[in-house]
Student: 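Just dropping this structure here.
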Amino acid sequence: MLSFVRTHPFQSGRSPLSPGSRAGLGAAVVLLAIVSAVELADGRGAHYIALMVAAPFLAAALASWRMVLGVGVAATAIGATFAICDWSISLVNGVNVAGIALATGIAAVVASVRQRQAEEIAELSKLAAVAQQAVLRQLGPQVGSLSVAGRYISSTATAEIGGDLYEAIDTPYGVRMIIGDVRGKGLEAVRLASIVLGSYRHVAYERADLRAIVTDLDRAVARSVGDEDFVTAALVEERGGTLTIVNCGHPPPLLLRRGAVIPLEPPAPAPPLGFMPVVRPRVERLEPGDRLLLFTDGLGEARRDGEFFPTADRAWRLVGHGTVADGLASLETALVEWVHGRLDDDIALVLMEYPGPRTADTAAVPSWEVGAAES
């Protein structure tokens, strides 16, 4: 889903300076002021004007090339003034002033190249974010009878792109959800995540058995990756209050019930998608008000000073109250505070709440027993 782009009406005048431009300009001005003060204190001799050559380079580190030119012109003018006021005008002073002017030109070119590269990186980051948002559709607030919310937390402020994935859809076999994590990062990880999600959005409507969905997804991954690539995933189905979970090497979901947090470990371990997993379903009967938290391993691996984030200990206090969207927002805030804003891996989160049975629901039968129930 494309992000909403806020537009502003045209305003006359120059746009305000960015913090980086202000810092670069301020450092250059301070240097010019210090050198000028030293020259004035020293007397009529122009002994220190060569130091002004650093002013345009200071500005070039952060400011635009236009500001660099402005600083360079000011530095050249100040240096020339001190050289002229020196009654014994020498070749050294002339070379110093010419050096400031030459440095200004070089610094302006450097600033122009840096600014162009920064704009290209910013544009690529925006395109990557749009690509990922197109893959990860917004969840909820209602999928079938369940309240559902999803959240993606990037490990960096500038590169919102990774291989974490999630989806929740209402199918003839109940509400089905998937959460997964592609090995690696970057566009290749997003490509594989899009393949998994595209296949899942198709077969989730066609297959009555979650194990058949795992087989289809495994084939899709095996056709698209190398020998060392894989996708961990957990697939969840809610039908008539019965929860069915199959797990392919993924962190187990957490069931939140009446203040308790229950990890829903699989009956037997299974490898990730891409390694031909043979899964055994776990079945749980839901109670009204139960919540289920699905997450990728970035949450379990988040740590500070070697101590991991206590997900299970704090899950109920953070996500057990308010709406499911509020719960994920609280979890993200607590997580970012725990790691002091420095995450090592991207994190995908899905939180769902079961409101209770519906009168028109069919009998509660897990997906992997549908065929047996109908025979």
Side-chain angles (χ1 to χ4, degrees), residues 131-137 139 143 150 152 161-239 243-253 264-283 294-298 346 348 350 365-375:
Q132 190 168 49
Q133 290 167 7
V135 172
L136 295 179
R137 300 185 300 195
L139 298 185
V143 181
Y152 190 95
I161 184 168
D164 293 19
L165 59 97
Y166 55 74
E167 181 61 288
I169 50 182
D170 190 12
T171 76
Y173 307 102
V175 176
R176 288 177 163 176
M177 294 176 283
I178 185 174
I179 190 163
D181 189 358
V182 177
R183 178 181 179 272
K185 290 186 178 182
L187 290 176
E188 184 63 23
V190 173
R191 182 190 69 85
L192 184 53
S194 68
I195 291 173
V196 173
L197 286 175
S199 299
Y200 177 77
R201 287 163 182 161
H202 173 70
V203 298
Y205 288 97
E206 304 296 330
R207 304 288 190 241
D209 192 332
L210 286 181
R211 291 174 296 185
I213 296 178
V214 169
T215 300
D216 291 338
L217 295 181
D218 179 68
R219 291 196 189 101
V221 171
R223 287 193 298 263
S224 306
V225 300
D227 295 336
E228 298 181 356
D229 294 323
F230 57 84
V231 181
T232 66
L235 283 72
V236 178
E237 176 189 287
E238 184 279 325
R239 184 180 183 188
L243 190 70
T244 308
I245 304 171
V246 294
N247 196 314
C248 304
H250 198 77
L264 300 183
E265 299 280 354
L273 299 174
F275 294 147
M276 295 184 291
V278 177
V279 295
R280 291 180 56 191
R282 173 164 181 166
V283 181
L294 299 94
F295 54 92
T296 53
D297 59 6
D346 295 350
V350 176
V365 180
S367 67
W368 51 277
E369 291 184 352
V370 168
E374 293 176 349
S375 59

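Sequential numbering from 1 along the given sequence is applied to the chain's residues. The basis for the numbers below is simple: all heavy atoms, side chains too, and nothing from hydrogens, waters or symmetry mates. Just so it is clear, the structure is predicted and the values come from calculations on it, not from any experiment.
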Student: Return the minimal non-hydrogen interatomic distance between P253 and N247, and the atom names on each side.
Tutor: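 What the structure gives for the nearest pair is CD-ND2, 4.3 Å.
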Student: Where do L210 and I213 land on the side-chain contact (heavy atoms from CB on, under 4.5 Å) test, with the steps shown first?
Tutor: CA-CA 5 Å; L210 286 181; I213 296 178; 3.9 Å; yes
Student: What's the spacing between R183 CZ and D229 CG if we round to 0.5 Å?
Tutor: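 Output value for this atom pair is 5.5 Å.
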Student: Go through the structure and list residues passing side chain to side chain contact (heavy atoms under 4.5 Å, CB included) with A168, not counting sequence neighbours.
Tutor: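 Expected list: L139, V143, V148, M177.
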Student: Supply the atom-to-atom distance I245 CD1 to L294 CG, rounded to the nearest 0.5 angstrom.
Tutor: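 Between I245 CD1 and L294 CG, I get 7.5 Å after rounding to 0.5 Å.
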Student: Going by heavy atoms in the side chains, are D297 and T232 under 4.5 Å from each other?
Tutor: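 No, side chains not in contact.
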Student: Is F230 close to V221 at the side-chain level, that is, under 4.5 Å between some pair of heavy atoms?
Tutor: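 No, every pair of side-chain atoms sits at 4.5 Å or beyond.
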Student: Say you draw a straight line from OG1 of T171 to CZ of R201; how long is it, rounded to the nearest 0.5 Å?
Tutor: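 So the OG1 of T171 and the CZ of R201 are separated by 14.5 Å.
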Student: Return the minimal non-hydrogen interatomic distance between A233 and L273, and the atom names on each side.
Tutor: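 Closest approach of A233 to L273, heavy atoms only: CB-CD1, 3.9 Å.
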Student: Taking the side chain as every heavy atom from C-beta outward, state whether R219 and S199 have any pair of such atoms under 4.5 Å apart.
Tutor: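 No; the side chains remain at least 4.5 Å from each other.
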Student: Start with the C-alpha gap between R137 and I169, add the side-chain angles, then the distance that decides, and say whether side-chain contact (heavy atoms from CB on, under 4.5 Å) holds.
Tutor: CA-CA 11 Å; R137 300 185 300 195; I169 50 182; 4.2 Å; yes
Student: Show the nearest heavy-atom pair for residues P172 and Y205, with the distance to one decimal.
Tutor: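 Residues P172 and Y205, closest heavy atoms: CD-CD2, 3.9 Å.
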Student: Spell out, as yes or no, whether a donor-acceptor pair under 3.5 Å connects the side chain of R239 to the backbone of T244.
Tutor: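 Judged by distance alone, no pair lies under 3.5 Å.
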Student: Taking all non-hydrogen atoms of both residues into account, name the closest pair between Y173 and E237 and its distance.
Tutor: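 Of all heavy-atom pairs spanning Y173 and E237, the closest is O-CD, 3.3 Å.
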Student: Hey, does the side chain of R207 reach the backbone of A212 with a donor-acceptor pair shorter than 3.5 angstrom?
Tutor: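 Absent.
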Student: How long is the straight-line distance from CD of E167 back to CZ of R176, given to the nearest 0.5 Å?
Tutor: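 Reported value, rounded in 0.5 Å steps: 13.0 Å.
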Student: Main chain of E265, side chain of R282: is a donor-acceptor contact present, judged purely on distance under 3.5 Å?
Tutor: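 Indeed, once roles are kept as given, a pair shorter than 3.5 Å links the two residues.
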Student: Quick check: do L165 and T296 have side-chain heavy atoms less than 4.5 Å from each other?
Tutor: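 The answer is no, as the side chains (C-beta and beyond) never meet within the 4.5 Å cut-off.
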Student: With a 3.5 Å distance limit and no angle check, can you tell me whether D164 reaches the backbone of D181 through a side-chain donor-acceptor pair?
Tutor: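 Side chain of D164 to backbone of D181: no pair is present.
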Student: Just so I know, are the side chains of P281 and V246 near enough to count as touching, which here means a heavy-atom distance under 4.5 Å?
Tutor: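 Contact flag for P281/V246 side chains = yes.
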Student: Is there side-chain contact between V279 and L235, with heavy atoms separated by less than 4.5 Å?
Tutor: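 Contact flag for V279/L235 side chains = no.
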Student: At their closest point, which heavy atom of F295 faces which heavy atom of H250, and how far apart are they?
Tutor: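 Closest approach of F295 to H250, heavy atoms only: O-NE2, 2.8 Å.
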Student: With sequence neighbours excluded, what pairs up with Y166 under the ring pair (Phe, Tyr, Trp, His ring centres under 6.0 Å) test?
Tutor: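 None.
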Student: For the residue pair P277 and D218, what are the closest heavy atoms and their distance?
Tutor: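 Taking P277 first and D218 second, the nearest heavy atoms are CD-OD1, 3.3 Å.
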Student: Measuring from I178:CD1 to L197:CG, what's the distance to the nearest 0.5 Å?
Tutor: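 Output value for this atom pair is 6.5 Å.
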Student: Side chains of L243 and V236, heavy atoms from C-beta outward: is any pair under 4.5 Å?
Tutor: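 Result yes, sub-4.5 Å side-chain heavy-atom pair found.
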